[in-house]
Amino acid sequence: MNKKLFPAIAFGLLSLLAVGGAISACTGTSAEAPDKSDVEGRIEALLSQMTLEEKIGQLNQLTGVGCQPARIQEIRSGSVGSILNEVDPDTVNALQREAVENSRLGIPLLIARDVIHGFKTIFPIPVGQAATWNPALVEEGARIAADEASSVGVRWTFSPMVDVSRDARWGRVAESFGEDPYLSGVLGVAMVKGYQTDDLSQPNTMAACVKHFVGYGASEGGKDYNTTWIPEPHLRDVYLPPFKACADAGAATFMCSFNDINGMPTNADKHLLRDILRGEWGWDGLMCSDWSSIQQMVPQGYCRDLKETAEKAANAGVDMDMQSFAYIGHLKELVEEGKVSEKTLDDLVRNVLRVKFRLGLFDNPYVDTATARRFFTASNLDASRRAAEESAILLKNEDGVLPLKPGIRIALAGPMMDARHDQNGTWVFDLEKDSTVTVLDAMKEMYGAGRIIEAQGLGFSRDKSSAAIASAAAKAKGADVIVYVCGEEAVLSGEAHCRTDLTLPGAQKEMLARLKATGKPVVTVVMTGRPMDITDVVANSDAVLYCFHPGTMGGPAIANVLSGKVNPSGHLPVSLPKASAQQPLYYSHKNTGRPAEGITLIDDIPLEAGQTSTGCTSFYLDAGDGALYPFGYGLSYTDFSYGPVVLSSDRMATDGSITATCEIENTGSVKGSTVAQLYVRDMVGSLCRPVKELKGFDKIELAPGEKRTVSFTVNASDLAFHQADNTLAVEPGDFKLWIAPDSESGDAKDFIVE
Ligand code: NOJ
């Protein structure tokens with residue numbers, strides 16, 4: 001029965017149907033037309049009409065099961081606030097109609113989906129997008145994802161993930177922007193803007209969900225869902241800043257993480273969720289749990305039963321329960337017993353309603369099925385290709401083997417050369433894999449099928465069968481150059497897909513060695529979901545192009561880079577290790593009291609050498625120290641020279657700023673882009689400081705012979721860090737500053753903060 005008596009309808013559907021503002025504001029008691037911009041007023045008006053059950057219903061998120069009668073009944077009774085994983089526009093509209101027309105208050109549903117790096121048109125996985133160091137491109141990708149997904153009714157995506165990820169074993173590094181808090185924050189904000197635009201109420205937007213709050217990337221041992229130990233000053237310096245940046249940019253929602261921090265599950269952490277997020281940051285969005293993360297406080301050993309998990313999560317400030325059934329099952333009882341106050345409950349409901357109002361769902365709840373399915377447009381595919389091109393990182397290029405010379409015969413080998421599914425990476429629920437263009441497709445198109453010798457050799461990345469390797473190598477020998485496309489299948493990274501061995505799986509190393517033995521130049525393309533140990537790959541390849549899973553247009557993008565049509569400009573957003581066990585690995589480490597020097601490697605140690613013979617400094621006997629390729633690194637087909645850094649002053653007040661400039665010249669013969677990176681080091685602090693911290697970057701394109709001066713303003717506040725008592729302070733003292741194309745090069749410039 002249709003009971004359009006209440007404010008949601010008055011503000012929503014009826015206003016849609018009966019434009020002119022003649023409709024009574026809510027219950028019929030007010031003659032005033034609602035002020036649509038008064039979101040808080042609308043929330044209060046609606047809240048005042050809600051029963052306890054209806055309030056709790058708004059906090060309940062369920063996964064999609066289509067239009068099953070039981071689900072329809074739940075929606076009509078007002079016990080569902082949000083549905084995830086429903087992507088058919090007709091179903092979305094049908095469910096929405098039940099909520100809007102057939103529930104007592106007509107409150108629309110929030111339809112959610114994991115749209116992580118594209119909906120239908122797939123972009124590079126987020127760590128690949130981070131390799132572009134191009135916020136505009138990241139924003140464009142998110143805009144396109146929102147346009148495609150909202151066209152079927154998805155108005156809430158669980159993205160961006162801004163977990164700082166410093167352990168390559170952790171499968172979710174694929175979904176991150178890498179190891180650096182600053183880069184993660186800048187790119188997280190770009191994604192939020194792309195999804196939400198400046199006007200979230202437009203029907204082609206999605207509310208962003210910044211996740212996972214917080215510290216999840218520090219999962220012990222790089223094993224998913226594991227515990228984390230993070231002292232609060234470190235949490236505030238490293239893990240919280242990207243979330244803060246996204247909150248400041250207006251991110252509509254956040255998601256709680258699965259981990260506990262120092263023994264406290266984040267889903268129960270009042271200090272994090274209330275004091276810091278709502279209190280210090282003043283954020284007023286919606287905090288949802290992760291999938292059954294409220295319930296998981298039982299196996300975590302923090303709560304006795306589901307009821308207690310609901311009490312802890314609600315009191316901590318988790319607004320929406322994703323699939324734990326803890327709120328719907330127990331909140332009523334908890335409120336009646338006084339264990340969760342009505343005020344607390346109302347605040348949770350307010351946060352949910354606020355997002356629905358901001359999304360314009362009360363005014364326009366339905367998908368326009370006439371314009372539904374805006375997928376794979378030429379411009380969307382073009383943007384996906386550009387993102388994949390800019391995410392490709394050239395790590396090695398000996399004797400100028402790249403770009404490939406015109407007119408040559410190319411052997412294409414390896415398990416990822418034609419991986420229509422796998423080149424799209426993790427989190428592609430809505431993939432239409434036949435739309436993917438592989439490297440094989442693109443190389444045939446570019447060079448003509450007659451010039452491409454197919455020598456795949458291995459069926460998939462984990463393939464251990466060497467049976468076809470010898471014949472593939474024999475075929476490849478007939479080419480002028482071999483392009484070996486190897487890596488990891490999509491399923492080897494992402495949630496719950498962690499690895500301890502970071503080298504190429506299966507028989508891929510063996511195959512590369514066989515290809516190398518042909519004597520032909522070998523160009524290796526590594527297509528992967530994480531930073532890998534590619535020591536052997538580098539040794540056996542003349543050139544190495546590192547590509548995180550590049551998405552729909554990965555093939556053309558890689559072909560364009562290999563051929564030189566596009567000059568590679570990706571830079572690493574992570575450190576590549578020299579050995580799998582060298583984890584966690586990140587450039588911004590502490591110096592230690594005995595930084596690595598005089599490294600003696602295992603095979604150089606004399607027999608019966610004395611205990612101190614290798615020198616007593618901080619390194620591994622079998623891997624030395626540092627990265628195989630450092631954070632920020634990436635080559636080009638041209639060369640850049642970075643001039644000396646010039647400071648506007650070598651002294652800065654604790655509330656002042658200075659400008660750092662550097663002239664960069666393209667000294668090669670082709671146009672190309674470099675990423676100028678600004679790093680600083682605080683030499684002495686009241687807590688030990690990292691050896692370098694990224695504070696800015698600028699990706700610039702230069703024609704051959706062109707020079708440009710990049711300029712960064714360094715504010716004293718950029719140099720602040722959290723003290724032992726968790727307050728933020730700028731400490732006077734000596735600093736160093738670099739402007740360089742990666743985290744290991746460049747000459748330091750000194751300045752003093754006083
Ligand atoms: C669990 C994952 O941790 C989270 O990132 C995702 O958004 C939810 N499941 C919903 O699928």
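Read the numbers this way: they start at 1 and go in the same order the structure lists the ligands and their atoms.
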Enumerate the atoms of ligand 1 whose separation from the nearest heavy atom of [X] is less than 4.0 angstrom.
X: K211; result: 4 (C), 5 (O), 6 (C), 7 (O)
X: D290; result: 1 (C), 2 (C), 3 (O), 4 (C), 6 (C), 8 (C), 9 (N)
X: F158; result: 7 (O)
X: E495; result: 1 (C), 2 (C), 3 (O)
X: F258; result: 1 (C), 3 (O)

Worksheet item: With distance as the sole test, does N60 use its side chain to make a donor-acceptor pair with the main-chain N or O of S79 at under 3.5 Å?
Response: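 Yes, the answer is positive, given that a donor and an acceptor are paired below the 3.5 Å cut-off.
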Heavy atom under 4.0 Å from ligand 1: found in [X]'s side chain, backbone, both, or neither?
X: Q61; value: neither
X: M161; value: neither
X: H212; value: side chain

Worksheet item: What class does the angle between the rings of F362 and F357 fall in, given that below 30° is parallel, 30 to 60° is tilted and above 60° is perpendicular?
Response: parallel
Worksheet item: Is R76 salt-bridged to E98, cutoff N-O under 4.0 Å?
Response: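 Result for this pair is yes, salt bridge flagged.
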Discussion item. Return the closest protein heavy atom for atom 11 (O) of ligand 1 as residue, atom name and distance.
Written reply: D114 OD2, 2.4 Å
Worksheet item: Is the number of heavy atoms from other residues, nucleotides or ligands under 6.0 Å of D198 CG greater than 12?
Response: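 Counting neighbours around CG of D198, 12 or fewer heavy atoms of other residues, nucleotides or ligands fall under 6.0 Å, so no.
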Item to complete: Please confirm whether W291 comes within less than 3.5 Å of ligand 1 when only nitrogen or oxygen atoms on both sides are compared.
Response: no
Worksheet item: Stepwise, does the ring-ring contact (aromatic ring centres under 6.0 Å, His included) test hold for W133 with F631?
Response: CA-CA 12 Å; W133 294 63; F631 174 85; 5.4 Å; yes
Discussion item. Taking the ring of F254 and the ring of W283, is the distance between their centroids below 6.0 Å?
Written reply: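 Yes, the ring centres sit under 6.0 Å apart.
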